[in-house]
Amino acid sequence: MFAQEDRPGDALVRSRAVAETQLWICELCGYVYDPAEGDADGGIKPGMRFEDIPGDWTCPVCGANKDDFSPQDDIGL
Amino acid sequence: MIAGPRHFAALAGRLRWDPDALDLSYDASRWPKLPPARRAKLSTLLAGFWIAEYAVAEQLAPFAAVADDPAVAAVFAAQRADEERHARLFDRIAAGMLGGRARGLAPPAVIELFERRLPATAAALAAGRTGLADGVALYHLILEGIVLSAGQRALLDDLADGALPGVRAGVELVERDERWHVGFGLRCLLELRPERRVLASLLDAGESAASAWGPAVPAQIRTRAVVQHRRRLAAIGVLPGRALGHAADDRAA
């Protein structure tokens, strides 16, 4: 039998849960995309994972491209 | 959400550059060969930056002095070092290309904003007659976020053909620094819970600030700067659609 944490699909569920709450920071200006908040003015509804944001979306603070963001757990608060 | 002061301090440390290391010799040799109309437009922008960067470097000291949080004060100090680098760069550019005539070439509205309005606000801040939120709103959001941003975009677009590669490389570095300065300013505003009149003045400031350069900045760049300004305010909860959205009140609700 599988140990509870090793059951098929668990890793996928875990990675999806992480993606749904993962903060992403704009490396240029410090804006933090929080999936819980989305970006209403940029047409991004709350709950949208960063990976699912359209490629032409830009940073609401500095206009940087999506490529200029990186996942970040410590945002220097 | 905007990153905290530790993030900005680390970022400032990573982005340091040397304004004396940029080679402007080719630019200086190319400058007299540019068409007069193009030279006139570039002169307006470069002279404006020469004035502006000196002013922002000089006027930032009171901001660090009145910051309650030592981590925030340290970021203001790091920013001031950036501004001194920028001033040094534009000093070199002015010496090489504008021949000591920079003051007479700068747009009057830029001079007014950077040599009168900013020093008056910084003096009021130092004297305790105004708060840090007023200073940050003017310095980071209006002057850096709109005026300088629009001017940098105009320079970068104009010089995209490689006419003055040293100048363009320098402006790229300046623009990179200014992005985090604006982000840091937004972070400060969030923490400071500014009065509604400060937010209202920010909402109203876009068009006139973007026009400070006159025709040296094309209309589409001015429009883009205003749109970005409004998006920026929306990102911290000051939404243009809600005449006076108050970020701090909204968060507390």
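A note on names: the letters A, B, ... follow the listed sequences, proteins ahead of strands, and every chain is numbered from 1.
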Practice prompt. Specify the closest pair of heavy atoms between Met1(B) and Tyr31(A), including all atoms of both residues, with the distance to one decimal.
Written response: O-CD1, 3.5 Å
Worksheet item: What's the shortest heavy-atom distance between Val32(A) and Ala3(B), and which atoms?
Response: CG2-N, 3.8 Å
Worksheet item: Is the count of non-hydrogen atoms from other residues, nucleotides or ligands lying under 6.0 Å from Asp68(B) atom CG greater than 12?
Response: no
Worksheet, complete the sentence: Under 4.5 Å to a heavy atom of chain B? For Ala40(A) that would be neither
Discussion item. With a sphere of 6.0 Å drawn around CD of Glu207(B), does it hold more than 12 non-hydrogen atoms of other residues, nucleotides or ligands?
Written reply: no
Discussion item. I need the single residue from Cys59(A), Cys62(A), Pro60(A) that forms a side chain to side chain contact (heavy atoms under 4.5 Å, CB included) with Arg231(B). Which is it?
Written reply: Pro60(A)
Worksheet item: For Arg153(B), is it the side chain, the backbone, both or neither that has a heavy atom under 4.5 Å from a heavy atom of chain A?
Response: neither
Worksheet item: For the residue pair Glu27(A) and Leu11(B), what are the closest heavy atoms and their distance?
Response: O-CD1, 3.7 Å
Worksheet item: To the nearest 0.5 Å, how far apart are CG in Asp41(A) and CZ in Arg230(B)?
Response: 9.0 Å
